[in-house]
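Everything below concerns the one structure shown next.
Owing to the predicted nature of the structure, the values given are computational and were not obtained by experimental measurement.
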Amino acid sequence: MKQSCTARVRRGAAIGAAVAVVTASSAFGIGAASAMADEAPTPVTPATAVTTGASDGSGGAASDPTSATADETGTTPPVVTGDPAASPEPAPTSDPPTEPTAGSSADPTAPPEPSAPTNAPAASAPSASAPAASASAEEPEQSAAAALAFPEGTSADAPLVLTATAGDTVSRTFTATGGTGTVTYELRGEDGSFDNDFTLDGSTGALTGTARAAARYTFQVVATSGSETAVEHVELTVQPGTPVGVTFSVATSDSTGLWQVEPDGTIWEQAAGQGRVRIVPEVPVADGQTLTLAGLAVDAYGNRVTGSDEDDEYPRSTVTSTDAGDRAVWDPAGSNVVTFSGAGSRTVTVSEGGVSTSFTVDVTDEPFAFVDPSTADAPIAIAPTAGEEFQRTFAVNGAPDPAGVRYELRGVLGEPFDDTYARNGLDLAIDPETGVLTGTGTSATSFWFQVVATSGGEEAVAHVEVTVSPAAFAKLVVTVLPSDRDQGSETWSADGDTITHFTPEDGSDVVDAVPARQGQRVLVLAGPVDAYGNAITERGPLTVTSDVASDRIVYDPSTVGTWVTFEHASPHVVTVAYQGRTQDVRFDVTPSAATAAATAETGSGHLAYTGADTSGPLAWALGLLAAGGGLLAHRLRRRRA
């Protein structure tokens, strides 16, 4: 809009209007600052004492009795911010006026301070800031709850180190301080022997127990209080105790006899795959036989007191015998090899680490062994026929405890005997007291296993081979392979009246006949089998014939099969005969591709054109000519149009 007066006139009018408004507001007792508050609010400036704009009736500004000054609190009141709903919102203030206002105590002639506004700061309404400021000033005086912690201040790299000796009673209380409530404790990081030997009281943090296994344990004691946790990292090293004796293993030279001698001289008989079997009074051995002894000095809890478990080396021990004829030689591998000479009982003592342990050895004139000798390369042979039950008795000589001989079956390498043999066609059982072996085989193949006799902690082993032969001829099984395809692609098998088709994906289905093409040849493999499906390898010649006289049948020695070529397209039956038994194979022979094509060409029954009949072709040619002339005339008329 175009202005109708000059700037000087407009400025004078504005000043006059302002003076009039201020004069009117003073007459009603309202401060000029409050009259302008809604136009431009500004925050409270905390750097100076704050006064309200309310008049005391004399036109001067009165002090706010609710506001604390800097002199009263000793500090500048801070600006308090927060949720407007939680505390009253400070009253907005107006910008300082450019002219002194009526009722103000300021001198209109005084020059403005260089570091402050030209007029007094804007007044504000009473605020909740002052009490909040006082509350915040008192907060540092209140003590916060201490964090939950263990006094040692450990870590995974710097744990609390504890030591004990096997047999010691361990008692240690772990105490964490701080937290927000009741403190509870738990163990983490260890199991096995540690959990068996030690327990932690969850309410007191007391770890108690008896150290038994010599080992280094690293674990954690975790304290929990409310939502806080503290962790104490601990390393406990248990050292071996005082040695009490020597524990050692005893084995025969062929490892068929195994024993374990405890530090107090107790002899445990052991069996391969079974561990400790029973306690025996002595170790039996034959005259001239050797025993291998490997021992370690141990404490009352079985912890070795010499050497190191890390390298698993056996320290050197010494062996003595009460029979002067016995001879002991140290093997650098970590054992003593003792050779016994002369029958009779003697006491053998093993010494190591300052302690010794003795046990009894009984030397007999005759070694403990099976009556029929055998080795893995020359086993005892048993040759039954498929389906025939066989039986054999295994007897031993030189048993240390003749009344306590026990027999069992094991695998070819001495592993536990399982049902693998039965699944492969051999059922076996042995009487544990008499050593009588019985069995039945249905699969024509060889099986190897062991018969083991145990007596007085010693073992005798018999190696056995059972070879099952096929039973009598029961039927013929015929297999057909296509000659013009990969022999591994598909096959057909004829068994009685059933023909089964087998695919490369191991699928199978029953068909009525084997498909073939005219002119194709197939390979017929036939073999006699027994009632269990075992092939009879030693047999006479087979006879193969066909019910279609034109089929060509040729025996092939390289495949031990017969080639059959089909010359005529029709159903065929090929018959295999052996020892008065026959097996028929049905074939469905279809025409070859060339024959099918020729048949398709002449399938209408009309002869091809030979030129003998001239009337037909002539009429056909004249008709084409007339049609062509009519077409040309039609096109010519269209062009003229």
Side-chain angles (χ1 to χ4, degrees), residues 381-392 409 411-412 417-429 437-449 464-483 486-515 522-545 555-564 573-587:
I382 302 175
T385 300
E388 174 191 358
E389 184 182 49
F390 60 89
Q391 185 178 96
R392 185 185 181 96
L409 296 175
V412 63
F417 196 83
D418 55 25
D419 61 350
T420 303
Y421 290 84
R423 293 199 309 268
N424 291 328
L426 180 64
D427 290 324
L428 286 176
L437 176 72
T438 57
T440 303
T442 56
S443 179
T445 186
S446 295
F447 302 87
W448 294 268
F449 57 93
V464 184
E465 178 183 9
V466 174
T467 301
V468 181
S469 301
F473 167 55
K475 61 180 179 179
L476 283 165
V477 174
V478 178
T479 300
V480 178
L481 286 77
S483 62
D486 181 4
Q487 292 188 359
S489 62
E490 57 181 342
T491 59
W492 291 264
S493 176
D495 185 359
D497 293 332
T498 303
I499 299 177
T500 305
H501 173 225
F502 298 95
T503 63
E505 296 79 15
D506 295 330
S508 63
D509 60 294
V510 176
V511 297
D512 294 332
V514 179
V522 297
L523 181 63
V524 177
L525 299 173
V529 298
D530 63 10
Y532 305 99
N534 299 305
I536 299 175
T537 55
E538 296 181 1
R539 58 177 176 80
L542 303 175
T543 302
V544 180
T545 59
Y555 175 71
D556 184 0
S558 63
T559 61
V560 195
T562 301
W563 291 105
V564 179
V573 177
V574 174
T575 302
V576 180
Y578 177 73
Q579 291 186 358
R581 296 179 182 272
T582 60
Q583 174 64 55
D584 293 337
V585 184
R586 299 181 299 276
F587 289 88

Using atom types as modelled and distance alone, determine if a side-chain donor or acceptor of [X] lies under 3.5 Å from a backbone N or O of [Y].
X: N424; Y: T420; result: yes
X: N534; Y: P470; result: no
X: Q583; Y: G496; result: yes

Would you name the heavy atoms of [X] and [Y] that are closest together and state the gap between them?
X: R392; Y: A381; answer: NH1-O, 4.4 Å
X: V511; Y: W492; answer: CG2-CD1, 4.0 Å
X: G561; Y: L525; answer: CA-CD2, 3.6 Å
X: Y578; Y: P541; answer: CD1-O, 3.7 Å
X: G387; Y: Y532; answer: CA-OH, 3.3 Å
X: V576; Y: A526; answer: CG1-CB, 3.5 Å

Criterion side-chain contact (heavy atoms from CB on, under 4.5 Å) on F447 and V468, from CA distance to verdict: CA-CA 8 Å; F447 302 87; V468 181; 4.1 Å; yes
From [X] atom [atom1] to [Y] atom [atom2], the distance as rounded to the nearest 0.5 Å:
X: L426; Y: T442; atom1: CG; atom2: OG1; value: 8.0 Å
X: D584; Y: T575; atom1: CG; atom2: OG1; value: 3.5 Å
X: D556; Y: L523; atom1: CG; atom2: CG; value: 7.0 Å
X: T562; Y: L542; atom1: OG1; atom2: CG; value: 7.5 Å
X: T543; Y: Q579; atom1: OG1; atom2: CD; value: 11.0 Å
X: T438; Y: F390; atom1: OG1; atom2: CZ; value: 7.5 Å

For the residue pair [X] and [Y], establish whether any side-chain heavy-atom pair is separated by less than 4.5 Å.
X: V574; Y: V478; value: no
X: V564; Y: F587; value: no
X: L437; Y: I382; value: yes
X: H501; Y: T503; value: yes
X: V585; Y: V524; value: no
X: L409; Y: L428; value: yes

Qualifying salt bridge (Lys or Arg N to Asp or Glu O under 4.0 Å) pairs with a residue from residues 493-503, counting only residues at least two apart or across chains: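 Non-adjacent pairs meeting salt bridge (Lys or Arg N to Asp or Glu O under 4.0 Å): K475-D495.
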Donor-acceptor pair between S446 and T467 side chains, under 3.5 angstrom: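 Note: S446 and T467 side chains meet the donor-acceptor criterion.
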Aromatic ring pairing Y421/F449, orientation class (parallel under 30°, perpendicular over 60°, tilted between):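 Answer is perpendicular, since the angle exceeds 60°.
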Within 6.0 angstrom of D418 CG, more than 12 heavy atoms from elsewhere: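 Atom CG in D418 is crowded, with more than 12 foreign heavy atoms closer than 6.0 Å.
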